[in-house]
There are 2 protein chains.
Amino acid sequence: MSKPNQSASEPNQRTNEPNQRTGAPKQTAGKKKPQVSPSPERRRELLGIAADVFAEQGYNATTVRKIADAAGMLAGSLYYHFDSKESMLEEILRTFLTELWDGYDSVLQAQLGPRETLEALVTESFREIDRHRAAVAIYQKESRHLVAQKRFQYLSDSQQRFEKAWLTTLERGVAEGVFRDDLDIRLAYRFVRDTVWVAASWYRPGGGHSPEEIARQYLSMVLDGISVRT
Amino acid sequence: MSKPNQSASEPNQRTNEPNQRTGAPKQTAGKKKPQVSPSPERRRELLGIAADVFAEQGYNATTVRKIADAAGMLAGSLYYHFDSKESMLEEILRTFLTELWDGYDSVLQAQLGPRETLEALVTESFREIDRHRAAVAIYQKESRHLVAQKRFQYLSDSQQRFEKAWLTTLERGVAEGVFRDDLDIRLAYRFVRDTVWVAASWYRPGGGHSPEEIARQYLSMVLDGISVRT
DNA sequence: ACACTTCCCTAACAAGTGTTTGGTAGGTTA
DNA sequence: TAACCTACCAAACACTTGTTAGGGAAGTGT
């Protein structure tokens, strides 16, 4: 947004003179990090574009040429900023999870009651969906395949912390008599978790509902159900 | 299962004599359907294997060589039974949706009350997840990208029938006073729809819970909520 | 014995993939 | 003016992808 990307399907052309060379040999030496220092602002800008394409087309179906096209440049130019396609994915998800846990931790440290904790966590989740909907969509679709790789182990770490936080909250609620005790608590956990995060697949910001409004309605359904009280 | 697939990573070798040829020209003539007639049983068997791989790795990340490997044969051999990778996907999803609507239609034609209809639809959904969990997982992950293609238009057709059936049921419930009228009905629809189908991402048959048992607990949460009655 | 069918293998193809390398326009600093 | 840095282009590379073509082994019917 800071720089106007011209036509977005035509690559930059600052010169029209083609540039012929004749084959360079390949040498697979040890890992060489480039000596250059790309600006972090441009990095974030490109990651935002990449995240949108990943979210819309899926990671594997997204080619680096499509990303470059959306950014108004050529595929190889991306490698000035990032050293692989997977690195982009990794940075997108890592940034998202870092900010997510910033919010969660402040909720958990507030030492609220079980019901208030649940309400705060759900509301916070919808705010994150509002801010990182592309990253959330990617996380939903790809995390299952990625947890196997050691590079993405922070995904399963996060998943475990997530599960622990929710289960603890639910158990406390049952012990204190604010949540029903006749339900499988593990099932209830998956229920709450899924109902929140799948919203990212259809939620579009500026669609009449604020994150807080959606959270309020979701909480109303999860806590009190959709049937009338008898 | 009817035929023991040997080692599953070693292709069949009925002869050890290599077979050399020297380049055949490519001719892209009009669509030629093969004159052969592969058995439908073997087709279904292979589709089941392909569905498992698709569900686990994602459609785009799944190569035809992986499918063939899981089936104990080589990539090219799949094309004796199917004419493309996409055809396999199409047949998997079409078969699933056909059987799904068989179940739904019999529920809808029973003319039950809104609450009973909702209960029956949810229970039927969990039964379908139990029988077609691979297809359901594929549907969840890939349908969003596929609806654009005309070949998969039956996906959006199904989606519309789905939405109509659920919205009608919910509206009837509100009108008859069995469902709450203070909720956004469209949000409630997405809520119910998503809570049911995401279960396919973690559900594994034979895991202690029968489909009916899971349906019972889900319905209890959706209808009455997880908080205790005051 | 022969023809025929079913089902798979061998071997390649063209298109597309992520990635690397060298070059260079434009700006900033000395 | 010269040296330097940032951010990109142009062109190729090795490899993987879905797909095709021809051939052959085992079984079945005649």
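Letters go in sequence order (proteins before strands), and every chain restarts at 1.
- Within the 4.0 Å cut-off from OP1 or OP2 of dC8(D), at least one side-chain nitrogen or oxygen of H81(A) is found.
- Using modelled atom types, one finds a donor on one side chain and an acceptor on the other under 3.5 Å when comparing R151(B) with S87(B).
- Looking at the side chain of V64(B), the nearest of the listed nucleotides dG18(D), dC9(D), dC8(D) is dG18(D).
- With 3.5 Å as the limit, one finds no donor-acceptor pair spanning the side chains of Q159(B) and E163(B).
- Side-chain atoms of R65(A) and base atoms of dG16(C) include no donor and acceptor less than 3.5 Å apart.
- When distances run from any side-chain atom of T63(A) to the nucleotides dC8(D), dT10(C), dG18(C), the shortest one goes to dG18(C).
- Taking side-chain N and O atoms only, Y79(A) has no distance below 4.0 Å to OP1 or OP2 of dT20(C).
- Each of Y203(A), W197(A), F191(A), F126(A) was compared with Y218(A) under the ring-ring contact (aromatic ring centres under 6.0 Å, His included) criterion, and only F126(A) meets it.
- In this structure, L78(A) places its CG atom 14 Å from P of dA7(D), rounding to the nearest Å.
- Across dC9(C), dG18(C), dT19(D), the shortest atom-to-atom separation from the side chain of A75(B) is found for dT19(D).
- Between Y59(A) atom OH and dT17(C) atom C1' there is a gap of 12 Å when expressed in whole angstrom units.
- The residue T62(B) sits close only to the backbone: its heavy atoms come under 4.0 Å of sugar-phosphate atoms, none of a base.
- Here the C1' atom of nucleotide dC7(C) and the CZ atom of F82(B) are 13 Å apart, to the nearest Å.
- Under 4.0 Å is where a charged nitrogen must lie from a carboxylate oxygen, and between D105(A) and R161(A) at least one such pair does.
- Dashed line: the shortest gap from a side-chain N or O of S39(A) to OP1 or OP2 of dA7(D) is under 4.0 Å.
- K85(A) has its NZ atom 12 Å from the C1' atom of dT19(C), to the nearest Å.
- One interatomic measurement links the two molecules: CD of Q57(A) to P of dG16(C), which rounds to 15 Å at whole-angstrom precision.
- Considering only side-chain atoms of Y80(B), the nucleotide from dG18(D), dT6(C), dC8(D) that sits closest is dT6(C).
- Checking G76(A) against K66(A), the closest nucleotide of DNA chain C that is more toward the 5' end is the one next to K66(A).
- With hydrogens and angles left out, the side-chain atoms of S125(B) and R193(B) include no donor and acceptor closer than 3.5 Å.
- Checking Y139(B), Y104(B), Y154(B) one by one against F162(B), the ring-ring contact (aromatic ring centres under 6.0 Å, His included) holds for a single residue, Y104(B).
- Taking the side chain of M73(A) as heavy atoms from C-beta on, and the options dC8(C), dC8(D), dG18(C), the nearest nucleotide is dC8(D).
- Of the candidate nucleotides dC8(C), dT19(D), dT10(C), dT10(C) has the atom lying nearest to any side-chain atom of L74(B).
- Note: CZ (R42(B)) to P (dA26(D)) measures 17 Å, nearest angstrom.
- Taking atom CD1 of residue I67(B) and atom P of nucleotide dT19(D), one finds them 10 Å apart after rounding to whole Å.
- Going from atom CD of E41(A) over to atom P of dA7(D) covers 9 Å, rounded to whole Å.
- Dashed line: the shortest gap from a side-chain N or O of S77(B) to OP1 or OP2 of dC9(C) is under 4.0 Å.
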